[in-house]
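Data block below; observations after.
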Amino acid sequence: MSESHETPDAFEATRTEKLRRIESLGLDPWGGRFDNALPIARIRDLPADLPEEQRPQVRAAGRIILRRIAGKIHWLEIQDWSGQRTRRAMKSKEHAGTEDDAWSSYVQVMIGQKQVGEQGWALAQEFDLGDIVGVDGTFGKTKTGELTIFATKLHPLGKSLLPHPDKVKGMQDIEYRLRHRYLDLLYTPETLERTLSRVRIIRAIRNYLDGLGFVEVETPTLHAIAGGAAARPFITHHNALDIKLYLRIALELHLKRLLVGGIEKVFEIGRVFRNEGISPKHNPEFTMMELYQAYGDYRVMMDITEGLIVACVKLLTAGKSELKLPYGERLIDYTPPFRRASYAELFREHVGVTIDDADGVRVAAEATGFPTAGKHHDVLVHYLFEEKVEDKLAGPVFVHDYPASLCPLTKRKAGNPNIAERFELYIDGMELANAYTELNDPITQEATFRQQLAGLPEEDSMAKMDEDFVRALKHGMPPAGGLGVGIDRLVMLLTNTQTIRDVILFPLLRSQ
RNA sequence: GGAGGCGUAGCUCAGUCGGUAGAGCAACGGACUUUUAAUCCGUAGGUCCUGGGUUCGAGCCCCAGCGCCUUCACCA
């Protein structure tokens, strides 16, 4: 790839020469602080039909995305990030009547030889697609009606020494887009839109939780024991202490320590790392939101989850009366209340046998070809649920009351020690949220840590003894509800994105 | 990790039966003071992912490797 060549190729050499020519005009091609530029979207809102003498004076800064040269006039289109994607009508003879995706934050610039002076005109000769320029001028319309800044002065603000993607076709190659995300943001409108939506969604979550009195904290990402979830961790090493460390796989155990410490409503939005496979739904590092509320339980968490998601959906459906957003082929209805159904209920609905029917469950599992020998009943149940139920949960649906053996960090349901007070929220077959009535009994906790589930290898179970955490519980943790939400998947769902790599700006790729 | 697909100019893509490597855009030179994905004339640009093999001859066929995509497994 040309970026990695030590000797600049012909393209770069030509543009470096232009750079020198700009310098020889007494200008800095890289510019500097540039005050008082109006966002282009705002400029486009200014009155444009005034007589020439009354046109407003404006200053803009942006990237050159289109350049047309007609002798002693140059036409530029410059773009900044201030707008939203719109369809614009094409005006050329060849494409008249068709439309094109564009940012409403582009604006045409007219550079006339007589209007910009000798130095400005000389500078304009050195412009290229991809350059960043500042423009002073008056704002109005050309005689063909195009919103235009009629330039009186030009300011070089940054040269592009490498060629940009095709001005029409943009970027199609997925790998190229991921490895050059900065170009993807410029030339694929959806990429910037999704990025900004993600920011707004996360801000909406913060605002919502702040309104409920939760406080946000930051806990360590380097753990001596990677607990709180069932996943393989990344392993690293601290040189000075000469100790093995793990990148965290969950936020849970530290946040619960904070419950012990009297922080009664606490949450964290943070990166967690799982050394597992990569897929359209899995990136090795991803963002989790976990929250804990003292004196709450999983029913409280259900209400918070629903409120939180509805708050996000309202943000994205602003102005519309219905809380519906498309995802793929489906239109998902987020109107509360979401359906609530127990694990056993859904199991019977989709598997066809009741959950306590040991023989029935075994037969059903064997019918799918699953090796059942030596497997605990609950392992078979869990397998069947994942195999036959999860994908069918169009949702939004809260699946609650899980078999207790699957949830070692969860409090048992009062009066039924085999049921854990836990729910997961499913939307379009995706697990979006996971919540518990947390276990605050250190004796049970310690025993559960030690207990191994029949048929599960050690690294796949959550039974990782964390003595420091148990010691914390022994000082007294209030009963609490806890909730975890996969932020990336939530953003996927709400922005109608099919792959996690498009809601993460820089997903992991093999280095080249 | 398994299976399948893809990899050609800076970008987007053609490339027939195995027979001299193509287009549009971008770039370079020229014309043009109202263009709209400007237009017109001209020029240059290639490790056809890499390495082997078959063949008189390979972008194309075979083998191996690398990267990406899809899917399965693991996981959220």
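In what follows, every heavy atom counts, from backbone to side chain, and hydrogens, waters and symmetry copies are set aside. Just so we're on the same page: letters track the sequence lines, and every chain starts at 1.
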Qualifying residue for side-chain contact (heavy atoms from CB on, under 4.5 Å) with A:F338, from A:T305, A:V310, A:V397 |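 For A:F338, the side-chain contact (heavy atoms from CB on, under 4.5 Å) test succeeds with only one of A:T305, A:V310, A:V397, which is A:V310.
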
[X] has a side chain; which of [options] sits nearest to it?
X: A:Y176; options: B:C28, B:C11, B:U35; result: B:C11
X: A:T142; options: B:U34, B:C28, B:U71; result: B:U34
X: A:K143; options: B:C28, B:U34, B:G10; result: B:U34
X: A:M171; options: B:C28, B:U35, B:U12; result: B:U12
X: A:L66; options: B:A38, B:C13, B:U71; result: B:A38
X: A:R489; options: B:U70, B:U12, B:A76; result: B:A76
X: A:R232; options: B:C13, B:C74, B:G10; result: B:C74
X: A:E431; options: B:A76, B:A38, B:C74; result: B:A76
X: A:E276; options: B:C74, B:U35, B:C11; result: B:C74
X: A:K72; options: B:U33, B:U35, B:C11; result: B:U33

Between [atom2] on [N] and [atom1] on [X], what's the gap in Å once rounded to a whole number?
X: A:R274; N: B:A76; atom1: CZ; atom2: C1'; value: 6 Å
X: A:L251; N: B:A76; atom1: CG; atom2: P; value: 14 Å
X: A:M289; N: B:A76; atom1: CE; atom2: C1'; value: 14 Å
X: A:I73; N: B:U34; atom1: CD1; atom2: C1'; value: 5 Å
X: A:F234; N: B:A76; atom1: CZ; atom2: P; value: 14 Å
X: A:H164; N: B:A9; atom1: NE2; atom2: P; value: 19 Å
X: A:E175; N: B:C49; atom1: CD; atom2: P; value: 13 Å
X: A:K91; N: B:A38; atom1: NZ; atom2: P; value: 13 Å

Using the [atom1] atom as the reference point in each nucleotide, state the distance between [N] and [M] in Å, no decimals.
N: B:C74; M: B:A14; atom1: C1'; result: 41 Å
N: B:G15; M: B:A76; atom1: C1'; result: 44 Å
N: B:C17; M: B:A44; atom1: P; result: 31 Å
N: B:C60; M: B:U54; atom1: P; result: 15 Å
N: B:C11; M: B:A26; atom1: P; result: 15 Å
N: B:G10; M: B:G4; atom1: P; result: 31 Å
N: B:U16; M: B:G42; atom1: P; result: 28 Å
N: B:C61; M: B:A73; atom1: C1'; result: 33 Å

Kindly say whether, by distance alone, the side chain of [X] makes a donor-acceptor pair under 3.5 Å with the base of [N]?
X: A:S279; N: B:U71; result: no
X: A:E146; N: B:U34; result: no
X: A:D166; N: B:G10; result: no

(Q) Taking 5.5 Å and 30° as the limits, would you call A:F11 and the base of B:G10 a stacked pair? (A)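 According to the criterion (under 5.5 Å, under 30°), no, A:F11 does not stack.
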
Note to self: If the test is side-chain hydrogen bond (donor to acceptor under 3.5 Å, both in side chains), which one of A:K167, A:R68, A:R63, A:R67 qualifies with A:E77?
What the structure shows: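 Result for side-chain hydrogen bond (donor to acceptor under 3.5 Å, both in side chains) with A:E77: A:R68.
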
Exercise for the section: Using the ring-ring contact (aromatic ring centres under 6.0 Å, His included) rule, pick out the option among A:Y436, A:Y343, A:Y402, A:F398 that qualifies with A:F423. Expected result: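 Option passing the ring-ring contact (aromatic ring centres under 6.0 Å, His included) with A:F423: A:F398.
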
Go nucleotide by nucleotide along RNA chain B from the 5' end; which of A:R67 and A:F127 gets its closest nucleotide reached first?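 The residue closer to the strand's 5' end, by nearest nucleotide, is A:F127.
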
What are the two closest heavy atoms between A:M301 and A:A435, and how far apart are they?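 Smallest heavy-atom distance, with atoms named: CB-CB, 3.7 Å.
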
Phosphate-side-chain proximity, [X] and [N], N/O vs OP1/OP2 below 4.0 Å:
X: A:R179; N: B:C68; answer: yes
X: A:K281; N: B:C72; answer: no
X: A:K167; N: B:A26; answer: yes
X: A:S92; N: B:A38; answer: no
X: A:R68; N: B:U35; answer: no

Could you tell me which nucleotide pairs with [N] by Watson-Crick or G-U wobble geometry, both distances under 3.5 Å, or answer none if nothing does?
N: B:A64; value: B:U50
N: B:A23; value: B:U12
N: B:U39; value: B:A31
N: B:G18; value: none
N: B:A58; value: none

Look at all strands and tell whether [X] reaches a base, only sugar-phosphate, or nothing, counting heavy atoms closer than 4.0 Å.
X: A:G277; answer: base
X: A:N283; answer: base
X: A:F286; answer: base
X: A:K18; answer: sugar-phosphate
X: A:G170; answer: sugar-phosphate
X: A:D488; answer: nothing

At what distance, to the nearest 0.5 angstrom, does OH of A:Y187 lie from CD1 of A:I65?
->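 Taking OH in A:Y187 and CD1 in A:I65, the distance rounds to 7.5 Å.
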
Close side-chain approach of A:I332 to A:D428, heavy-atom, < 4.5 Å: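 In short, these two side chains touch, coming nearer than 4.5 Å.
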
>> Quick one about A:Y298 and A:D401 (side-chain donor to acceptor, distance below 3.5 Å, no hydrogens or angles considered), yes or no?
In response: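 A donor-acceptor contact under 3.5 Å links the two side chains.
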
Self-check item: More than 12 heavy atoms from other groups under 6.0 Å of CD on A:Q57
Solution: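 Enclosed.
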
_Is the distance between the ring centroids of A:F347 and A:F385 under 6.0 Å?_
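No, the ring centres sit 6.0 Å or more apart.
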
